[in-house]
Amino acid sequence: MSVALHGVVVRRRGKTILGPVDLDLGGDGLSIVLGPNGAGKTTLLKVLHGVARISAGEVVWSVPEEEARGAQAYVFQSPIMLRRSVRQNLAYPLELLGTDKAETAQRVADWAGRIGLSDALERPAPRLSGGERQKLALGRALIRAPRVLFLDEPCANLDGRSTREIEALLEIARAAGTRIVMTTHDLGQARRLASDVVFLHRGAVREQAAAETFFDGPQTAEARAFLKGDIVE
Amino acid sequence: MNEIWAGVVAAFGLIVSLDGDLVEITLRSLQVSLSALFIASALALPFGTWLAIRRFRFRRATIATLNALMGLPPVVVGLIVYLLLSRSGPFGVLGLLFTPTAMIIAQVIIITPLIASITHQAMRELWAEYHDLLISLNTTNRQRIATLLWDGRRTLLTAALAGFGRAIGEVGAIMIVGGNIDHATRVLTTAIALETGKGDFALALGLGFVLIALALLVNFAIHALSRTEREGRW
């Protein structure tokens with residue numbers, strides 16, 4: 001399931017936040033969206049996910065729109081916890097689809113194990129720690145077995161261990177064929193995970209390349225400066 | 001001062017001996033106000049939530065109207081319901097005037113805007129929190145409303161309690177449409193007004209204590225049922 005953006009522009013209050021963007025994301029791999037703050041990374045992800053209003057252009061999925069929307073999941077930068085138990089949070093996306101109870105219970109148990117929260121199923125989700133919440137949000141996103149997964153800074157404010165656990169979950173999902181598109185500020189994480197990179201600057205795609213190509217020899221001055229650790233504005 | 005004291009003593013006597021009139025009036029009061037609360041909640045909770053999640057052209061005007069209707073004077077509601085239900089009114093054929101049903105109708109009109117308005121305010125906050133997730137999960141409007149109602153049930157209880165408080169203590173509207181008829185439409189508040197007028201302070205005070213006790217009891221009961229003040233619950 002691949003997606004293409006044609007001349008997409010997002011304007012808010014007269015200011016252009018993103019675009020014009022032409023972008024082709026193939027059917028597999030893990031794309032990392034890089035760029036300084038305000039480059040439009042989150043907006044790009046939301047446009048792809050279909051939850052941001054676009055001012056011009058179009059987003060074209062390789063499958064019909066309805067099917068495309070149903071096959072995606074999104075993990076927000078600050079995870080949104082339903083005011084319910086961990087179990088009910090995990091079950092929620094399946095309940096929306098009307099999945100039968102036995103199957104829901106089985107998949108919830110399965111995913112609780114994978115995200116290491118089997119012992120916390122009855123705890124209220126808003127009381128989990130930051131790392132646990134992010135893992136729960138990831139589990140809740142993956143429980144529908146989406147074909148495309150968007151993540152917005154999934155490891156922001158997390159310590160090394162939580163980051164490693166989340167990266168491991170992402171690697172498994174990717175191996176199972178889930179297309180992943182994520183933003184990050186952590187260049188080390190980008191190098192560890194990326195199969196290809198999209199570099200955004202001031203709302204425009206400045207570079208799109210395979211990971212090795214990008215990290216070994218960035219084409220634009222901004223990307224070179226960004227990778228070197230300079231402050232790019 | 002003596003008179004008041006004598007009234008208090010007599011009032012306790014009535015309550016302890018479960019005076020027939022007192023019990024009957026109390027039960028009718030509960031029947032009318034709880035029915036009104038039930039109907040008003042069924043209307044106002046989904047409507048208030050719907051208002052919180054939908055953007056439409058006259059949304060702000062609707063909310064402003066709703067807030068204004070919270071202060072609807074009960075006597076005016078009583079008058080309008082009276083006119084609608086009286087023999088010559090459009091619903092006169094139903095013969096509802098001076099029945100408990102008419103009182104329920106009037107109270108529903110009084111408390112629905114109140115419950116809807118409190119619901120809307122509470123749900124607006126919850127919706128701001130859930131918005132991105134529920135949009136992302138491709139939920140239908142119905143699913144969104146159901147999710148918000150369920151996860152916001154704590155605050156909704158407060159809305160319902162406010163509605164009940166207004167209904168059980170209300171006298172203007174039910175006096176007009178009910179008529180305060182003995183053994184038919186007499187409730188706590190109308191009875192208190194009548195007994196005070198007659199100078200029978202014992203019964204009036206007794207009814208007053210029951211009214212206050214009822215309000216407290218219902219609050220405690222609902223809090224206990226929903227475990228609202230317990231840690232780690234919603």
Side-chain angles (χ1 to χ4, degrees), chain A residues 42-43 45-53 65-86 88-99 120 122-128 133-134 136-144 146 148-152, chain B residues 45-46 48-50 52-57 59-60 118-161 222-234:
Chain A
T42 300
T43 310
L45 245 55
K46 287 190 170 170
V47 164
L48 285 165
H49 188 38
V51 297
R53 206 160 21 87
E65 189 174 331
E66 192 122 327
E67 193 189 330
R69 283 286 282 134
Q72 301 173 26
Y74 194 108
V75 177
F76 298 91
Q77 183 168 357
S78 45
I80 302 170
M81 294 289 105
L82 296 173
R83 297 180 189 176
R84 302 178 179 194
S85 67
V86 170
Q88 287 165 328
N89 263 277
L90 277 173
Y92 185 71
L94 297 175
E95 283 166 3
L96 290 178
L97 297 179
T99 315
E122 302 310 326
R123 276 170 63 194
R127 280 163 195 259
L128 297 176
R133 282 181 195 210
Q134 197 56 272
L136 175 54
L138 186 56
R140 192 177 55 194
L142 286 169
I143 201 163
R144 272 188 186 177
V148 182
L149 175 66
F150 297 104
L151 301 109
D152 191 1
Chain B
L45 298 182
T49 310
W50 181 83
I53 68 167
R54 283 293 289 188
R55 295 284 172 275
F56 56 94
R57 189 134 170 245
R59 181 166 173 271
R60 288 173 69 91
I118 299 177
T119 303
H120 165 250
Q121 280 165 27
M123 291 295 114
R124 205 172 44 180
E125 277 173 39
L126 193 59
W127 175 237
E129 190 181 321
Y130 281 10
H131 176 272
D132 286 355
L133 179 68
L134 296 192
I135 299 275
S136 165
L137 285 173
N138 242 348
T139 44
T140 62
N141 267 330
R142 184 181 281 269
Q143 289 172 328
R144 286 172 199 172
I145 292 177
T147 303
L148 289 176
L149 283 176
W150 179 248
D151 286 2
R153 59 194 181 279
R154 241 187 102 144
T155 37
L156 297 184
L157 205 63
T158 320
L161 279 179
I222 294 182
H223 273 253
L225 276 177
S226 65
R227 296 176 244 193
T228 41
E229 297 308 323
R230 246 189 235 179
E231 242 237 325
R233 283 270 180 178
W234 296 283

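All values below come from the heavy atoms of this structure, side chains included, with hydrogens, waters and symmetry mates left out. Just so it is clear, the model here is predicted, and its values are computed rather than measured. Every chain is numbered from 1 and lettered A, B, ... according to where its sequence line falls, protein lines coming before strand lines.
- For the pair B:Thr139 and A:Leu96, the minimum side-chain heavy-atom distance is below 4.5 Å.
- Between chain B and the options A:Glu95, A:Arg140, A:Gln72, A:Lys46, heavy-atom pairs under 4.5 Å are most frequent for A:Arg140.
- For A:Phe76, the part sitting under 4.5 Å from any heavy atom of chain B is the side chain, from C-beta outward, and nothing else.
- Sparse packing is recorded around CD of A:Glu65, with 12 or fewer heavy atoms of other residues, nucleotides or ligands lying under 6.0 Å away.
- Rounded to the nearest 0.5 angstrom, A:Leu82 CG and B:Thr147 OG1 are separated by 7.0 Å.
- The two residues A:Pro93 and B:Leu137 come nearest to each other via the heavy atoms CB-CD2, 4.1 Å.
- With a 4.5 Å cut-off on non-hydrogen atoms, A:Phe150 does not touch chain B at all.
- Contact detail for B:Ile135 and A:Arg69: the closest heavy-atom pair is O-NH2, 3.3 Å.
- Across all their heavy atoms, B:Ser136 and A:His49 have their closest contact at OG-NE2, 2.9 Å.
- Within a 6.0 Å radius of CD in A:Glu66, other residues, nucleotides and ligands contribute 12 heavy atoms or fewer.
- A:Tyr92 contributes atom OH, which lies 4.5 Å from atom CG of B:Leu134 (distance to the nearest 0.5 angstrom).
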- prompt: Would A:Arg83 and B:Arg154 count as a side-chain contact (heavy atoms from CB on, under 4.5 Å) if you check the C-alpha gap in whole Å, the side-chain angles of each, and the deciding distance to 0.1 Å?
  reply: CA-CA 11 Å; A:Arg83 297 180 189 176; B:Arg154 241 187 102 144; over 6 Å; no
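- Using a 4.5 Å cut-off between heavy atoms, B:Thr140 does not touch chain A at all.
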